[in-house]
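First up is the structure itself, then whatever we jot down about it.
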Amino acid sequence: NSVGSRDSLGLAMLVVCACRRPCTGISHALQHEFAAVRVIHARASSTPVFERQRKLNRPREGFNSPGQNGTLTKDDSLFVLSPTTVDCAGRSQHTSKVRKAMQLSQSPEDLLEALHRARTQGTIDLSVYGAAMQRCGQGLWWDTLQEVRQVQLEFCLLLPLHRNIYITALAKAARQERVGPVPARQQHLLSFAKRAWDEAGESSMHLTSCVIAALRLCAVAGEPCALKWADELWQHLGESGVRDGIAYMTFAQLLEVYRLHERVDRMLDEAAATKTWSPNEVLLGALVNAAADNFDGKRAETLWERITEDFGVTPNSISYGCRAKAQMLAGRPLVADRVIEEMFCNDVELSPQIGESHCQALLIMCHSSLQDREFSRLQQAFERGDVVISTASSRQKQMWANMKSVAKRMQSSSEPVQFPDVLVEWNAQRVLMSEWQNCVGGTNYLADERQD
């Protein structure tokens, strides 16, 4: 992964690490010459649950390089298990323990305290700020990320690699758990990202990954100016001749987020005709999820049929989860149930998220009919999901317990359970059905959907 001579790299690191102010003495040319091609080191045990599950379901070819001298195991098949070489700008061996402290911080307070201690002791370089930014993104710690960014600016300019880390962290931290993107954060994404882009300058070695990080941020920003910048970056990437499959799929996902269906369809047509790139299960899930968030169940089914049939993509559990989510958000729990039953028929492994989604759909079906047959299916779903939920996050375990409590109330309580109480899962609380007025238990309010 290292580029250039060891002595030159050591000199570049010395210049970066010694400064306590923006390092104008490091030219962009020097930054680019010694930037590492790929710096990734993660273990499943220290990666947030949802990110871990996504990576473990990610195809191996989704990685441009497997790391340095690493051994990929079955359980950690898509995590790089060996540290990156220390010989790259902004990173040194003597800060490895500090980077680890950043990555293992359990709260914003822990992270800031560790960062302050490192600055006071002088055991800090740009990689420490990168690790702190990455942890802020994982934890959705927006305010803390901004604090880290400010102290980083006092220390040194961003290099292209660390600019990618910061932009990725911005896109993640703009969200709030069980809420999605927060408008007060979204409105700052574009200006923050553009400032970081200009600060680090352009690196031909990192251009593709830089653009991919920015495209993902633009998808979260959700504003016309962000779409305009994304189009400019995509055009520049094409002119540079370094678009790869991941870049194509990232841009297609962005277009779907902005409901530019015709452009997405043209990209899929070109992929089929030119074989320049090929959709995979990651893109399938991403596009269907974008349609779900746009409350467009019909579009989700169109994309599903196109990618699975025309490109022969085999869906994984995340893809099925996104498809079920799309139907739930469209107010069609019966279809969501059928999607998950289809997944079981295809021997796709159950995940905690899909276990939740299935039981949520069945809870609504039970509330609609109050029939023993539906409650029997719900009980089977609970039994099936108990195994995977045992390894899930504490939030998922609590939600699972809440679902069981609602099911018990429906079967045993003399007082009818109100429809809002049945919507336990976050996606169900966003569902179009929440606007219904007459969802009274036992009235078969799903009859019309059954006829469909």
Side-chain angles (χ1 to χ4, degrees), residues 178 292-293 295-298 300-301 317 320-346 348 350-390 392-452:
R178 301 192 68 188
D293 286 334
F295 296 91
D296 194 342
K298 183 177 180 180
E301 289 302 302
S317 62
Y320 274 108
C322 294
R323 187 184 179 195
K325 169 186 170 181
Q327 298 308 319
M328 179 64 73
L329 289 177
R332 306 179 69 190
L334 293 176
V335 180
D337 170 48
R338 289 199 291 270
V339 166
I340 296 172
E341 289 295 338
E342 176 186 315
M343 185 194 82
F344 293 144
C345 290
N346 290 329
V348 177
L350 179 67
S351 69
Q353 290 88 345
I354 295 181
E356 287 180 3
S357 297
H358 197 203
C359 288
Q360 177 61 82
L362 289 169
L363 273 175
I364 298 173
M365 293 163 61
C366 288
H367 186 257
S368 173
S369 68
L370 295 180
Q371 292 183 359
D372 290 341
R373 183 179 68 85
E374 305 290 12
F375 280 108
S376 177
R377 292 192 60 218
L378 176 60
Q379 181 58 36
Q380 292 174 3
F382 278 135
E383 293 172 358
R384 184 189 294 121
D386 280 338
V387 176
V388 294
I389 291 295
S390 65
S393 67
S394 57
R395 181 195 62 79
Q396 288 176 306
K397 291 177 181 177
Q398 182 59 54
M399 185 176 296
W400 193 250
N402 292 344
M403 287 185 177
K404 288 185 173 182
S405 176
V406 171
K408 184 176 180 180
R409 284 173 55 202
M410 280 197 290
Q411 288 182 285
S412 60
S413 177
S414 58
E415 296 183 2
V417 175
Q418 300 301 310
F419 182 67
D421 295 337
V422 178
L423 305 181
V424 181
E425 187 201 26
W426 173 52
N427 285 321
Q429 294 171 1
R430 301 166 61 202
V431 75
L432 293 179
M433 290 176 60
S434 62
E435 300 176 1
W436 293 8
Q437 300 298 319
N438 299 311
C439 297
V440 179
T443 61
N444 289 312
Y445 51 81
L446 294 179
D448 290 342
E449 186 186 347
R450 291 184 185 278
Q451 293 175 2
D452 293 341

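Everything quoted here is computed from the prediction, not taken from an experiment.
- The shortest side-chain heavy-atom distance between L423 and I364 falls under the 4.5 Å cut-off.
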Quiz prompt | Criterion side-chain contact (heavy atoms from CB on, under 4.5 Å) on H358 and M343, from CA distance to verdict | solution = CA-CA 11 Å; H358 197 203; M343 185 194 82; over 6 Å; no

Quiz item: Between M328 and S357, is a side-chain contact (heavy atoms from CB on, under 4.5 Å) present by the stated rule, with each step listed?
Solution: CA-CA 8 Å; M328 179 64 73; S357 297; over 6 Å; no

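- Using modelled atom types, no side-chain atom of E374 and backbone atom of Q371 make a donor-acceptor pair closer than 3.5 Å.
- M365 has its side chain within reach of L362: a pair of non-hydrogen atoms, C-beta onward, lies under 4.5 Å apart.
- Sparse packing is recorded around CG of D372, with 12 or fewer heavy atoms of other residues, nucleotides or ligands lying under 6.0 Å away.
- Here SG of C345 is found 8.0 Å from CD of E342. Values are rounded to the nearest 0.5 Å.
- Heavy atoms only, all atoms of each residue included: D421 and V406 are closest at O-CG2, 3.6 Å.
- Side chains of C359 and L378 form a contact here, defined as non-hydrogen atoms less than 4.5 Å apart.
- By the 4.0 Å N-to-carboxylate-O rule, R332 lies too far from E301 to be salt-bridged with it.
- Distance CG/L334 to OG/S368: 7.5 Å, rounded to 0.5 Å.
- One distance of note links SG of C366 with CG of L446; it measures 10.5 Å at 0.5 Å rounding.
- With rounding to the nearest 0.5 Å, the separation of CG in N402 from CD in Q360 is 11.0 Å.
- Between G441 and L370, the closest heavy-atom pair is C-CD1, 3.9 Å.
- For the pair Q396 (side chain) and I389 (backbone), a donor-acceptor distance under 3.5 Å is absent.
- For the pair E341/R377, a side-chain contact is recorded, criterion being any heavy-atom separation below 4.5 Å from C-beta on.
- One finds the CD atom of E425 at 9.5 Å from the NZ atom of K325 (value rounded to the nearest 0.5 Å).
- Between Y445 and F419, the two ring planes are perpendicular [angle over 60°; tilted spans 30° to 60°].
- Q380 places no side-chain N or O within 3.5 Å of a backbone atom of F375 that could act as its donor or acceptor partner.
- Contact check for D293 versus R430: side-chain heavy atoms found under the 4.5 Å cut-off.
- Considering CG of D296 and CG of L329, their distance stands at 11.0 Å, rounded to 0.5 Å.
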